[in-house]
Every structure is written in C-alpha cells, then in structure tokens.
Amino acid sequence: MIAVLKRGTTKQQLDHLLSWLKNMSLDVHVSEGQEFTVLGLIGDTSRVDMELLGSLEIVESVKRVSEPFKQANRKFHPNDSIIDAGGVKIGSGYFAMIAGPCSVETEEQIIAVAQSVKESGAQILRGGAFKPRTSPYAFQGLKGEGIRLLLEAKKATGLPIITEIMNIRSLDLFEDVDIIQVGARNMQNFDLLQELGKTHKPILLKRGLANTLQELLMSAEYIMSEGNENIILCERGIRTYETYTRNTLDLSAVPVLHELTHLPVVVDPSHATGRASLVPSMAVAAAAAGADGIMVEVHNNPACALCDGAQSLNLEQFAQLQQAVERVREAIK
Ligand code: PEP
Ligand code: MN
C-alpha cells in the first residue's frame with residue numbers, strides 16, 4: 001500500500017503518522033521526491049483502514065500496490081535510484097560503461113585490459129574470479145587470487161571493480177570490491193540474496209536464463225527486504241528456441257523495467273549474443289533503449305582467452321564501441 005502526502009506536510013506531522021503506522025507492525029519506506037512524499041507500507045496492510053488513512057488532512061491519496069514486489073516498485077519510489085559504486089554513479093541519467101575480461105587470468109592481462117579500457121572511457125572494470133562454468137572440467141577462475149589481481153588493477157588505474165560471488169562463504173574476500181555481481185545462474189539463490197541484503201554493497205543482479213522480469217524484481221526484493229537498496233539490474237539475454245546467438249537479448253526489458261522499478265538497468269550484450277561481431281550493434285541499441293549502463297567483455301587477446309573468447313572484444317574494438325555508445329547517448333539526450 002502507498003500513501004502520497006500533501007505538499008507542505010511538516011516533519012512533526014510526518015513523524016506522528018509514521019509512529020501510528022509503525023504501531024500497526026508495518027515497515028514504512030519513505031521516499032521524498034521533489035513534488036510529493038510517498039510512504040510505502042510493507043507488512044500486513046489488511047489491518048490498515050484505507051478510508052481512515054485517506055481522510056487524514058496530510059494525505060493526498062492511498063493506493064494498494066498489486067504487484068508482489070514492493071520496495072523495488074516505482075510506485076514506492078517514483079524517482080530513479082542512483083547507485084554509487086566506488087564513486088561512479090549509475091541511474092537517473094548517470095551512465096556507466098563496465099568493461100573487462102570474462103575471467104581474470106594473469107596480472108599482466110588484467111592490468112593491460114584495465115589500463116586500455118580506462119583510456120577508452122570505461123568507468124568500471126569487470127573480471128570474473130569465481131566462474132560459474134557449465135562444465136566442472138572448464139577453467140573455474142582464480143578465485144581469491146583473481147580478486148587480489150583485480151584489486152591490483154584497481155590500484156593501478158583507479159577504476160572501481162565488479163566481480164561475481166557464487167557462495168556467501170567467500171564474502172570476506174569481497175570487502176574491497178565495489179560491486180558484487182550475482183550471476184544469471186544464482187538469480188534465485190534466495191539464501192545468497194538475503195545474505196547480500198545484509199551488506200550495503202552495490203549488487204549487480206543478472207536476469208536468470210529463463211526468468212521473467214517479475215521474477216527478477218522479486219529477487220531484487222529479496223535483497224532489499226534485508227535492508228540493501230543498492231541494486232543494479234542486468235539484462236543479459238534469455239533462453240529461446242534461437243540457437244544462432246548464445247541467448248536472445250530482450251531489449252524491451254530496459255523500458256519495461258524502467259516503468260516497473262526505480263532501480264537502474266544495465267545491459268550485457270556479450271553474454272546475450274555470444275559473438276563479438278554482434279556486440280557493438282546490441283550495445284548501441286541498448287544505449288538507444290535507455291539503458292543506464294553497458295557491461296561488455298574485453299580481452300587483450302580474445303583468441304587465447306580462458307573463457308568466453310568468442311564474445312570478447314579486443315582493445316581496439318572496445319575503443320570504437322565506446323565512441324559509438326557515446327554518440328548514441330549524445331543523440332538521445
Ligand atoms: C559473467 O558476467 O561473467 C557471467 C557469467 O554472466 P551470466 O551470469 O550472465 O552468464
Ligand atoms: Mn563470460
């Protein structure tokens with residue numbers, strides 16, 4: 001349920017209303033916008049007398065929120081959220097280019113990629129240390145050593161870093177990581193989501209291989225319900241009957257999510273297509289669709305990459321993509 005307050009409501013009136021609502025064992029989420037203050041009521045709202053609440057002098061309107069996601073709902077929080085990741089803002093007009101290899105392989109590799117993508121204009125460095133591979137015989141990532149190397153690259157370039165967590169037991173290793181990624185395969189690992197909800201780290205939550213947008217938002221809700229509101233959503237393609245591309249990029253997810261939620265939306269054209277030749281066109285399309293950022297795989301020698309070389313751009317291709325995305329962003333301003 002949401003209650004929109006009238007302009008000019010004083011702090012004292014607001015506090016009075018909040019304590020009345022909290023006495024009914026409700027959690028109240030306050031969103032102060034430029035025009036209105038919106039109260040989002042979470043819990044058993046069947047006990048709230050909507051007519052009584054609506055009749056209060058300071059209340060403009062009261063509505064039930066029919067969607068099962070509440071804190072992620074734009075109705076609860078009409079303004080776009082802005083997530084600060086190590087000093088880089090994402091959302092509400094702040095656009096971030098996230099680039100780097102699928103996996104961290106060596107110090108030379110990650111430093112070379114970090115320096116180059118930074119020079120080309122990327123704001124955040126990606127690199128997998130814990131890799132969720134389909135085959136147990138495939139390269140599983142350098143794990144703790146991979147995070148150490150990412151931190152070296154962060155020190156060398158100043159770029160904030162993002163890397164994927166697979167198991168909450170490794171959370172201590174992520175202390176200096178700026179954004180924790182929850183990969184597509186873990187989107188509905190609810191225990192993991194709840195534990196990440198107890199941290200204040202920005203979380204990039206990828207859409208599952210076969211999950212609806214509502215399921216993605218319910219997963220975000222799992223994190224938010226534990227107190228962490230720093231979430232970035234990521235569309236990375238879904239399974240369809242098409243096999244030419246690795247997945248099918250559901251670009252309509254961008255405007256749909258912008259309608260449904262205040263959380264920023266990033267697009268990953270690399271895992272969506274699985275082919276480097278398709279990445280630039282999907283990246284500019286994502287920018288044109290209003291994405292708040294793009295996450296793209298870049299390798300200094302894609303042919304020798306230990307993971308996802310076929311979809312990785314080389315350093316020069318990334319530099320060109322960055323310029324194309326900037327031109328599109330300029331054009332849609
Ligand atoms: C990744 O970003 O490295 C990754 C494994 O992506 P996804 O979870 O989308 O497959
Ligand atoms: Mn990958």
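Every number for a ligand or one of its atoms is a count from 1 in the order of the listing.
Distances from atom 1 (C) of ligand 1 to the heavy atoms of M295, H271, R133 put H271 nearest. The closest heavy-atom contact to atom 3 (O) of ligand 1, among the options E164, R126, Q181, comes from R126.
Atoms of ligand 1 lying under 4.0 Å from at least one heavy atom of G183, given by number and element, are 8 (O). Taking every non-hydrogen atom of R236 and a distance limit under 4.0 Å, the qualifying atoms of ligand 1 come out as 7 (P), 9 (O), 10 (O).
Distance alone, capped at 3.5 Å, is enough to place a donor-acceptor pair between the R133 side chain and the F139 backbone. Looking at N186, its side chain never comes within 3.5 Å of a backbone N or O of N189 through a donor-acceptor pair. The closest donor-acceptor contact from the side chain of S116 to the backbone of A112 lies at 3.5 Å or more, if one exists at all.
In this pair, H29 and F76 present their aromatic rings tilted. The plane angle is within the 30 to 60° band. Using cut-offs of 30° and 60° for the angle between ring planes, the H262 and H77 rings count as parallel.
Geometric assessment of R74 against the ring of F69 yields a negative cation-pi assignment under the 6.0 Å and 45° thresholds.
For atom 8 (O) of ligand 1, the closest heavy atom belonging to the protein is A184 N, 2.7 Å. K206 NZ, 2.9 Å is the protein heavy atom nearest to atom 6 (O) of ligand 1.
The shortest N or O to N or O distance between D268 and ligand 1 is not under 3.5 Å.
The atom of E297 that is an N, O or S and sits closest to the Mn ion (ligand 2) is OE2. Residue D308 approaches the Mn ion (ligand 2) most closely through its N/O/S atom OD2.
Checking C102 against the Mn ion (ligand 2), an N/O/S atom falls under the 2.8 Å cut-off.
With a 4.5 Å cut-off on side-chain heavy atoms, K70 and E221 count as touching.
Residues D27 and K22 are not paired through a salt bridge, judged by the lack of any N-O separation under 4.0 Å between the basic side chain and the carboxylate.
The closest approach between any non-hydrogen atom of K131 and ligand 1 is below 4.0 Å.
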